[in-house]
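So the structure is just underneath, and the comments pick up after that.
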Amino acid sequence: MTSTAPGTTLADWLAAQDLRPGLADTVTAIAAACAEISAALRTAPLTGLTGVAGSTNVQGEAQKPLDILSNDLFIKHLAKVPRISSLISEELNQAHHFPIQDDTADLIVACDPLDGSSNIDVNVTVGSVFSILAGGRDALLQPGTAQLAAGYTTYGGSTNLVLTFGKSVALFTLDTDDVFRLADPAITVPVETAEYAINSARQPYWDAATTRYVEGCLAGEAGPFGKRYNMRWVGSMVADVHRILMRGGVFLYPLDSETAAKGGRLRLVYEAFPMAMIVEAAGGAAITGPQRILDIAPREIHQRVAVILGSKAEVERIAKLYAEAG
Ligand code: AHM
Ligand code: MG
């Protein structure tokens, strides 16, 4: 079996890649954490892992038992890889620095262990998002272009792992024996789309470019874009991005008048950066509105950002509206 044949195990596929030391082990550890998270989600209503945990994270949001468990599973599995220096996580106020086992520890992982918190208890697809950087514990803040790898998992009808090292994007599915197997060696995002995703309840706060874009979509064939659109919004970024990877589309969480003071809604380092790297590697585009996401230099680990990503021609259409808005 060649390393790109459907059914190839993640381990065999990784072994066939030309990766720097420690990178395959890091991806393997993340995949193991995700397989355990998937198992915990499958039985959560029976095991009492639903509801809120009574604590809040650094964003001031209520943590759920599964948020905490997922974070613990990332730490448990990453601790087995001596080359990992640090973990940045949505659920940890400060970066977690692993005990120095090896003075070559030169990899950093950033993750949202369980994205889509509001969908956990209603059995709607949630996921994990991760980014891998080169560097020791003092190199946490790097632009998105510095990422070595990025990926996410979706926990839905199937558990999928989407992974890129920057050139192409591979899709693995968790098989019934708990092994990730290759389902598609090279996913590409269609350039054109007529499907958009936005939380339209936030319309009163939108900026001029977003308002013009959505008005244009709603106007259909008679409007400025000359085509009829469909709208889909899951509310878990992983699920919305996965749909875009599978059939195209555009996802918007723009800077609006309510989120502007915080810098946006979504997190730069462990949500926007990995998703932007994946979408670009699949042939799509990812911007804040005026700027390419991957070019941003973060100032802090929990920084927030506006996110507009997906099919290239549609993201360019939105970029033009931002340019015109000045
Ligand atoms: P989370 O990391 O706390 O789950 O928040 C991120 C989620 C995204 O998955 C989703 O796109 C967005 O927040 C939805 O936010 P809202 O429902 O507040 O508009
Ligand atoms: Mg999240």
Side-chain angles (χ1 to χ4, degrees), residues 34 37 41 44 49-53 55-71 73-74 87-93 110-131 150-156 160 162 195-207 210 214 231-245 249-276 278-279 286-288 293 301-310:
C34 294
I37 294 168
L41 283 166
L49 282 172
T50 50
V52 292
S55 49
T56 53
N57 65 14
V58 68
Q59 328 281 341
E61 298 154 343
Q63 284 179 311
K64 302 201 162 182
L66 280 161
D67 284 324
I68 296 168
L69 175 71
S70 303
N71 185 65
L73 288 169
F74 263 82
L87 171 69
I88 297 167
S89 165
E90 178 172 341
E91 304 305 332
L92 298 170
N93 294 0
C111 75
D112 178 355
L114 198 55
D115 180 59
S117 297
S118 68
N119 280 328
I120 295 175
D121 290 348
V122 292
N123 199 22
V124 169
T125 299
V126 291
S128 304
V129 193
F130 62 91
S131 161
Y152 67 80
T153 48
T154 57
Y155 311 111
N160 295 301
V162 169
E195 193 163 72
Y196 69 102
I198 193 165
N199 181 350
S200 57
R202 304 195 62 78
Q203 191 214 330
Y205 314 110
W206 285 345
D207 58 21
T210 302
V214 176
M231 206 290 280
R232 283 286 182 273
W233 176 257
V234 179
S236 300
M237 190 197 198
V238 283
D240 283 308
V241 171
H242 194 62
R243 184 187 59 252
I244 290 168
L245 266 287
V250 68
F251 169 94
L252 301 97
Y253 216 118
L255 199 63
D256 60 36
S257 61
E258 249 195 355
T259 58
K262 290 179 178 172
R265 165 75 172 88
L266 299 171
R267 290 70 165 186
L268 177 61
V269 173
Y270 42 83
E271 292 181 328
F273 274 168
M275 290 311 198
I278 293 163
V279 168
I287 60 172
T288 60
I293 287 174
I301 59 175
H302 295 296
Q303 191 169 328
R304 294 177 188 252
V305 71
V307 175
I308 297 166
L309 57 76

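Order of listing sets the numbers, starting from 1, for every ligand and every atom in it.
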Exercise. For N123, does the CG atom sit with more than 12 other heavy atoms under 6.0 Å from it, leaving out its own atoms?
Worked result: no
Exercise. Do side-chain atoms of R243 reach the backbone of R232 as a donor and acceptor pair under 3.5 angstrom?
Worked result: yes
Problem set entry | Min N/O separation G116 to ligand 1 under 3.5 Å | yes
Exercise. Do side-chain atoms of D240 reach the backbone of G235 as a donor and acceptor pair under 3.5 angstrom?
Worked result: yes
Exercise. Taking non-hydrogen atoms only, is F251 closer than 4.0 angstrom to ligand 1 via side chain, backbone, both or neither?
Worked result: side chain
Exercise. Counting heavy atoms only, which part of D112 comes closer than 4.0 Å to ligand 1: side chain, backbone, both or neither?
Worked result: side chain
Exercise. Which atoms of ligand 1 sit under 4.0 Å from any heavy atom of E90?
Worked result: 1 (P), 2 (O), 3 (O)
Exercise. Relative to the heavy atoms of E271, which atoms of ligand 1 are at a distance of less than 4.0 Å?
Worked result: 2 (O), 6 (C)
Problem set entry | Check: S128 main-chain N/O paired with T153 side-chain donor or acceptor under 3.5 Å | yes
Exercise. Which ligand 1 atoms are under 4.0 Å away from a heavy-atom of M237?
Worked result: 8 (C), 9 (O), 10 (C), 11 (O)
Seminar exercise, completed: ligand 1 atoms nearer than 4.0 angstrom to some heavy atom of Y253 are 14 (C), 15 (O), 16 (P), 18 (O), 19 (O)
Exercise. Hey, is ligand 1 close enough to S117 that some N/O pair sits below 3.5 Å?
Worked result: yes
Exercise. D67 and S117: side-chain donor and acceptor closer than 3.5 Å?
Worked result: yes
For this session: Kindly say whether E91 contributes a backbone atom to a donor-acceptor pair with the side chain of S89 at under 3.5 angstrom?
Result: yes
Exercise. Can you check whether S236 has an N/O within less than 3.5 Å of an N/O in ligand 1?
Worked result: no
Exercise. Against heavy atoms of G235, which atoms of ligand 1 measure under 4.0 Å?
Worked result: 8 (C), 9 (O), 10 (C), 14 (C)
Problem set entry | Beyond-backbone contact of T259 with Y205, side-chain heavy atoms, under 4.5 angstrom | no
